[in-house]
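What follows is a single structure, written as structure tokens, with notes after it.
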Amino acid sequence: MPQARALLLFLDASTTTALPAGLEGAGAAVERWPLADISAGDAGSLTAVAGRLSRPGAVMVLDITNVEQAQAALRQLALTLARPALWLALLPAGRDHEAEAWWHQGAFDAVARDDTAAFLRALRRTRARLQDPVTDGPELATLTRLKAQIHAMQASLDNIPAPIFAKDADGVYTGCNQAFVDYLGLPREQIIGKTVFDVAPPHLADVYDQADRQLLASGGRQVYEAQVKWADGNLRDVIFHKAVFHDAHGAVAGQAGAIFDITERKRLESGLRELAQTDPLTGLLNRRCFIERAGVQLAEARHLREAVAVLLFDIDHFKQINDIHGHAAGDAMLRHLANLGRQHLRGNDLFARIGGDEFAIVLGGANDVRAVAARLPSRVAATPLSFDGRELACGISLGAAVVMADDHDIDSALRRADAALYEAKRQGRGRSVVFDGHR
Ligand SMILES: Nc1nc2c(ncn2[C@@H]2O[C@H](COP(=O)(O)OP(=O)(O)OP(=O)(O)O)[C@@H](O)[C@H]2O)c(=O)[nH]1
């Protein structure tokens with residue numbers, strides 16, 4: 001095996017005095033090549049340096065004191081050398097952060113000039129790489145190129161704001177981008193080499209695992225909605241986009257996936273749905289939604305051969321409440337009635353504000369229609385509204401009707417309830433009338 005020779009290439013004479021101590025201890029033959037300003041394109045120096053670097057086992061140590069000079073030297077050498085040389089970047093003290101940039105430029109490693117131990121380690125590793133026949137020659141160029149491509153690919157993935165991951169065919173994470181690390185709030189080393197059961201709560205991990213199995217069995221792509229526990233511990237709504245990838249023999253080798261957070265979209269959608277379905281003042285259903293749901297409830301009740309009743313009520317002399325106490329008092333009264341009404345209903349009853357001071361109820365079971373119809377006006381009369389330090393009394397009139405077997409929609413029952421309400425008003429308000437018979 002060829003002995004590695006470190007060719008120290010200094011571009012500036014002033015830096016040669018600060019050589020890492022104990023370099024010879026690395027077992028490498030060190031050849032100093034001071035004052036060769038190959039960055040200036042000095043043809044003689046360039047040829048001499050290239051000649052030394054083309055010897056088996058030669059490693060170039062490039063002094064990076066002057067970044068521009070170092071880059072120019074690399075460009076000149078690349079044009080001159082028959083094959084790429086292995087080289088280390090020797091960084092001035094305090095500039096360790098530049099290391100990554102030099103790896104991207106093809107350095108085998110980049111170490112600080114004042115960290116002798118690191119320098120010697122890097123030199124030894126470089127030597128070991130040179131003695132590995134697989135990595136010598138053209139294969140080294142391929143490997144270096146691949147390494148640069150992987151770096152570039154990872155940098156691109158890390159720039160994408162959506163979390164991205166890859167897993168092998170056993171569901172073990174093999175890669176991910178920075179957004180995925182940030183999204184889960186786990187360090188990369190707690191993700192790579194692990195499975196969903198290590199990174200997610202059990203009930204979510206089961207969902208992902210089942211989806212993974214289906215995807216790997218069927219191949220192709222998969223898109224599904226799920227939840228992910230975010231870095232702050234809260235659950236987020238997401239869409240997973242996943243696809244399998246194959247090995248050289250066409251067998252499924254794993255899957256790559258991306259996560260799109262739809263939490264905000266879902267929140268807006270549910271807000272819009274709520275706005276479209278409810279009365280903003282009382283929080284009750286609005287007229288349109290009430291009619292829609294009443295129709296569904298009627299159909300279900302008919303299917304189960306159950307009776308359904310409709311109740312309508314409105315506030316007596318509500319105009320006077322507005323006129324005497326103001327519109328805000330009127331609004332408070334509407335909310336007060338909504339709350340009183342809610343206390344008399346069961347979970348599957350529908351309750352809506354269908355007009356200015358008009359409310360409607362669908363009772364799931366018609367048996368207690370008379371009891372509810374009688375109770376509500378007296379409860380309202382007995383429960384004045386506390387508003388602005390005063391007690392405001394009010395009354396309601398109520399009409400009720402049972403949905404008949406031959407009612408095909410809720411409209412005819414509403415008409416009968418309305419007629420009963422009219423009758424309650426006519427009889428002097430503050431009372432209820434239950435419609436008997438067809439009209
Ligand atoms: N504060 C308030 N008032 C409303 C609202 N919507 C409608 N109104 C008022 O409700 C009142 C309804 O009056 P009317 O239909 O004449 O009924 P009423 O005064 O209750 O008379 P009777 O029903 O015959 O006892 C009107 O003065 C409307 O301005 C609302 O959202 N807030």
Side-chain angles (χ1 to χ4, degrees), residues 270-294 309-345 349-363 369-403 410-436 439:
S270 100
L272 283 177
R273 214 170 16 248
E274 179 136 346
L275 268 182
Q277 293 178 342
T278 54
D279 161 42
L281 181 70
T282 59
L284 297 177
L285 299 180
N286 62 20
R287 183 185 192 93
R288 195 170 58 80
C289 184
F290 174 77
I291 298 292
E292 214 174 272
R293 293 211 193 158
V310 176
L311 285 74
L312 288 181
F313 68 86
D314 87 8
I315 304 174
D316 297 330
H317 305 302
F318 184 51
K319 189 171 178 315
Q320 285 177 20
I321 296 175
N322 273 331
D323 291 348
I324 298 169
H325 303 289
H327 208 263
D331 283 357
M333 184 61 82
L334 291 167
R335 281 194 292 266
H336 176 60
L337 282 173
N339 291 335
L340 285 178
R342 280 189 188 101
Q343 293 166 14
H344 285 263
L345 302 178
D349 297 334
L350 298 179
F351 188 18
R353 179 179 171 217
I354 58 169
D357 64 342
E358 281 182 322
F359 295 81
I361 294 169
V362 170
L363 280 186
V369 58
R370 282 180 193 282
V372 175
R375 211 161 50 216
L376 215 45
S378 46
R379 181 76 205 281
V380 170
T383 318
L385 163 72
S386 296
F387 181 81
D388 216 8
R390 283 166 295 170
E391 301 251 292
L392 305 184
C394 88
I396 60 167
S397 300
L398 186 150
V402 174
V403 177
I410 205 75
D411 288 351
S412 36
L414 276 172
R415 275 196 299 277
R416 291 196 298 277
D418 199 39
L421 169 58
Y422 181 80
E423 183 59 21
K425 291 266 183 200
R426 202 190 60 78
Q427 289 179 15
R429 297 182 168 81
R431 69 196 63 209
S432 65
V433 170
V434 179
F435 186 90
D436 279 321
R439 189 174 280 186

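When a ligand or atom number is given, it counts from 1 through the structure's own listing order. Everything quoted here is computed from the prediction, not taken from an experiment.
Judged by distance alone, the side chain of Arg416 and the main-chain N or O of Leu414 form no donor-acceptor pair under 3.5 Å. Judged by distance alone, the side chain of Thr383 and the main-chain N or O of Val380 form no donor-acceptor pair under 3.5 Å. Formation of a donor-acceptor pair under 3.5 Å by the Arg353 side chain with backbone atoms of Gly356 is found in this model.
For a heavy-atom separation below 4.0 Å, the residues in contact with ligand 1 are Asp314, Ile315, Asp316, His317, Phe318, Lys319, Asn322, His327, Gly330, Asp331, Leu334, Arg353, Gly356, Asp357, Lys425, Arg429.
Between Phe359 and Phe351, the ring planes are tilted. Angles from 30° to 60° get that label.
Within the model, atoms CG of Leu312 and CD1 of Ile396 stand 11.0 Å from one another, a figure rounded to the nearest 0.5 Å. Atom CG of Asp411 sits about 6.0 Å away from atom CD1 of Ile291, to the nearest 0.5 Å.
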